[in-house]
Amino acid sequence: MKQNKFHIGQKSLVKYIYRIIIFMLALSGFAQMPVFKRYYIADIPGLGWLAKFYVTHYIHYLFGLIFIAFIVYIITDFFLISRKKYKLTASGYIRAAIIAGLITSGTILVVKNFPGYHYSPAFIVAMDLIHLGLGCVFLATGLTCMILKLRIISRLVVVNSCSPLARS
Amino acid sequence: MKKKISRRLFLKAGAATACTLAVPNIAPAVSKSDIHNQLSTLIDISKCIGCGACVEACSEVNLKKYPAPRKPFPKMYPKRVPVMDWSDKRDVTDRLTPYNWLFIQSATVEKNGEEIELTIPRRCMHCVNPPCVKLCPWGAARQLENGISRIDPDICLGGSKCKSVCPWKIPERQTGVGLYLDFLPSLGGNGVMYKCDRCYDRIADGKLPACIEVCPENVQTIGPRDEIIKQAHTLAKETNGYIYGEKENGGTNTIYVSPVPFEELNRAIEKGKGKPHLNPVKNVMANANNLGTAMLIAPVAGVVAAVGKMYSMAKTEKEDASDETE
């Protein structure tokens with residue numbers, strides 16, 4: 001009983017953390033383009049920081065770091081604890097693939113920003129566009145799944161010897 | 001007996017082959033250059049006579065790279081987006097513009113109780129880790145393996161982020177030119193950003209940058225960064241001079257040696273739009289890059305948290321079981 005309550009509380013906490021991370025990553029990610037000042041969004045009280053490139057860059061890195069730790073936590077947790085109870089749904093697989101692409105392209109761009117690292121110009125342009133494109137696709141997929149109430153994971157149906165399904 | 005190939009085996013083999021083929025193609029795209037060998041210049045301020053030969057040569061050699069804007073310019077939305085047009089002011093040489101990538105700053109300072117006039121050639125500092133390149137959202141600004149940073153006019157959209165993040169605000173915008181005209185000219189982009197590209201094309205042909213070649217006083221020396229730094233220190237020691245650019249923004253590839261402290265020079269020069277300062281500059285990319293390094297340990301934190309959770313659940317389960325037994 002105690003464990004069940006703990007598990008439910010942790011599940012909703014994980015959901016909220018995930019949403020906050022995605023929101024901050026998307027906001028600071030779009031702020032890498034010089035659009036928030038141009039379109040008056042940075043003029044909204046409290047959003048002035050969106051026009052400060054070094055601030056948004058730092059915040060994007062910070063939440064990127066938290067996101068990587070979070071995703072690794074979820075994957076490890078899935079394989080250690082939840083794999084026998086849950087399975088990834090089709091939409092879950094799609095979102096996982098997009099996240100993998102986002103983390104890979106993001107990591108490549110982080111490495112690029114270290115002193116002395118060079119990528120071919122075409123590769124940088126491709127990575128920038130892939131990272132931005134995947135970010136947009138991820139948000140669109142998330143929104144679609146929210147509207148259609150498609151979950152990332154679903155509970156596995158356990159068929160035991162006592163169940164009517166097993167007997168028939 | 002003939003071995004049957006299952007679908008799973010086929011997919012696994014296909015994925016493995018794709019990865020094997022992809023890796024050699026990706027690998028040449030990434031390389032780590034030796035920052036000690038980046039191409040640097042030493043500018044001996046005491047030698048400069050302010051003749052302007054370098055400014056003229058720069059304009060002459062780079063004439064073909066200068067913008068040729070289409071007019072009238074597209075109407076910009078919203079109205080706050082500034083139109084930057086230098087096409088009718090191409091003769092301006094007392095500041096940086098899209099048509100003038102190098103200018104001479106002058107300063108009247110005191111040395112040993114005497115008033116002296118110093119002239120300083122100013123252009124892009126070509127940072128070792130240039131924020132204009134690293135933070136360009138489209139990859140239009142790029143750093144060559146020899147350390148030169150340049151902006152590709154074919155893909156720059158003129159968002160001016162490079163100028164915002166540059167500690168010296170070097171790049172200058174010209175509206176009415178570039179890729180943005182082919183997309184949403186009124187709603188996104190605003191031209192192309194221009195700045196010194198260190199005559200990268202001449203260097204590729206084995207020639208010197210124009211400003212160095214024509215200088216009658218040999219104010220500038222070009223070479224690998226380590227050697228240039230060494231020369232700068234020797235010169236500063238011999239002349240009781242001061243160095244600027246070695247540590248600024250984590251290091252640049254333009255090293256100035258001055259007979260007077262740079263604080264004094266900075267006070268004396270005219271600063272403002274298109275006229276960069278000579279202030280000390282901290283490494284603007286350092287904070288984010290420290291976080292970038294910390295990203296390496298992020299996965300470890302994730303694994304530790306999950307293992308911790310499993311341990312805590314197992315403990316709770318054991319406690320529940322012992323409660324029930326009691």
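Here is the naming used below: chain letters follow the sequence lines, and residue numbers restart at 1 for every chain.
- The main-chain N or O of A:Q32 is found under 3.5 Å from a side-chain atom of B:K161 such that the two form a donor-acceptor pair.
- Crowding of A:K87 atom NZ: a count of heavy atoms from other residues, nucleotides or ligands under 6.0 Å not exceeding 12.
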_Stepwise side chain to side chain contact (heavy atoms under 4.5 Å, CB included) check, A:Y61 with B:N290_ = CA-CA 10 Å; A:Y61 267 38; B:N290 289 341; over 6 Å; no
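- Of all non-hydrogen atoms in A:V125 and B:G139, the two that sit nearest each other are CG2-O, 4.1 Å.
- Shown here for B:S186 and A:R38, the closest heavy-atom pair between the two residues is O-NH2, 3.0 Å.
- Note that NZ of B:K309 is 5.5 Å distant from OG of A:S82, once rounded to the nearest 0.5 Å.
- Counted within 6.0 Å of NZ on B:K169, heavy atoms from surrounding residues, nucleotides or ligands total more than 12; the atom is thus considered enclosed.
- Comparing A:I71, A:V35, A:T76, A:I74 by heavy-atom pairs within less than 4.5 Å of chain B, the highest count is held by A:T76.
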_Step-by-step side chain to side chain contact (heavy atoms under 4.5 Å, CB included) determination, A:Y54 to B:N287_ = CA-CA 9 Å; A:Y54 283 113; B:N287 286 343; over 6 Å; no
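- Contact of B:C136 with chain A is made through the backbone alone, with heavy-atom distances under 4.5 Å.
- Once rounded to the nearest 0.5 Å, the distance linking NZ of A:K112 with CG of B:N129 reads 10.0 Å.
- Using a 4.5 Å cut-off between heavy atoms, B:T293 contacts chain A through both its backbone and its side chain.
- Heavy-atom minimum distance, A:N113 versus B:N289: O-ND2, 3.0 Å.
- Contact of B:V81 with chain A is made through the side chain alone, with heavy-atom distances under 4.5 Å.
- Within a 6.0 Å sphere centred on NZ of B:K65, other residues, nucleotides and ligands contribute more than 12 heavy atoms.
- For A:K37, the parts sitting under 4.5 Å from any heavy atom of chain B are the backbone and the side chain alike.
- Contact count against chain A (heavy-atom pairs under 4.5 Å) is highest for B:G188 among B:G251, B:S160, B:G188.
- When A:D128, A:I66, A:I68 are compared by the number of non-hydrogen pairs under 4.5 Å with chain B, A:D128 comes out ahead.
- Looking at A:I124, the atoms closer than 4.5 Å to chain B (heavy atoms on both sides) all sit in the side chain, from C-beta outward.
- Minimum interatomic distance between A:F114 and B:G292 (heavy atoms only, all atoms of both residues): CZ-C, 3.8 Å.
- For the pair B:M285/A:H57, a side-chain contact is recorded, criterion being any heavy-atom separation below 4.5 Å from C-beta on.
- For B:V284, the parts lying under 4.5 angstrom from a heavy atom of chain A are both the backbone and the side chain.
- Contact of A:L109 with chain B is not made at all, since no heavy-atom distance falls under 4.5 Å.
- Looking at B:R80, the atoms closer than 4.5 Å to chain A (heavy atoms on both sides) sit in the backbone and in the side chain alike.
- Closest approach of B:A306 and A:Y73 over heavy atoms only: N-CD1, 3.3 Å.
- Proximity to chain B is limited to the side chain of A:L132, based on heavy atoms less than 4.5 angstrom apart.
- Summarising the geometry, atom CG belonging to B:L135 is positioned 9.0 Å from atom CZ belonging to A:F53; distances are rounded to the nearest 0.5 Å.
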*What's the verdict on side chain to side chain contact (heavy atoms under 4.5 Å, CB included) for A:I81 and B:M313, showing C-alpha distance, side-chain angles and the deciding distance?*
CA-CA 9 Å; A:I81 305 162; B:M313 277 179 77; 4.0 Å; yes
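- Counting non-hydrogen atoms of other residues, nucleotides and ligands closer than 6.0 Å to CD1 of B:I297 gives a total of 12 or fewer.
- Within 6.0 Å of atom OH in A:Y39, more than 12 heavy atoms from other residues, nucleotides or ligands are found, so the atom counts as buried in its surroundings.
- Of all heavy-atom pairs between B:P299 and A:V72, the closest is O-CG1, 3.2 Å.
- Neither the backbone nor the side chain of A:F79 comes within contact range of chain B; no heavy atoms are under 4.5 Å apart.
- With a 4.5 angstrom heavy-atom cutoff, B:L187 touches chain A via backbone and side-chain atoms both.
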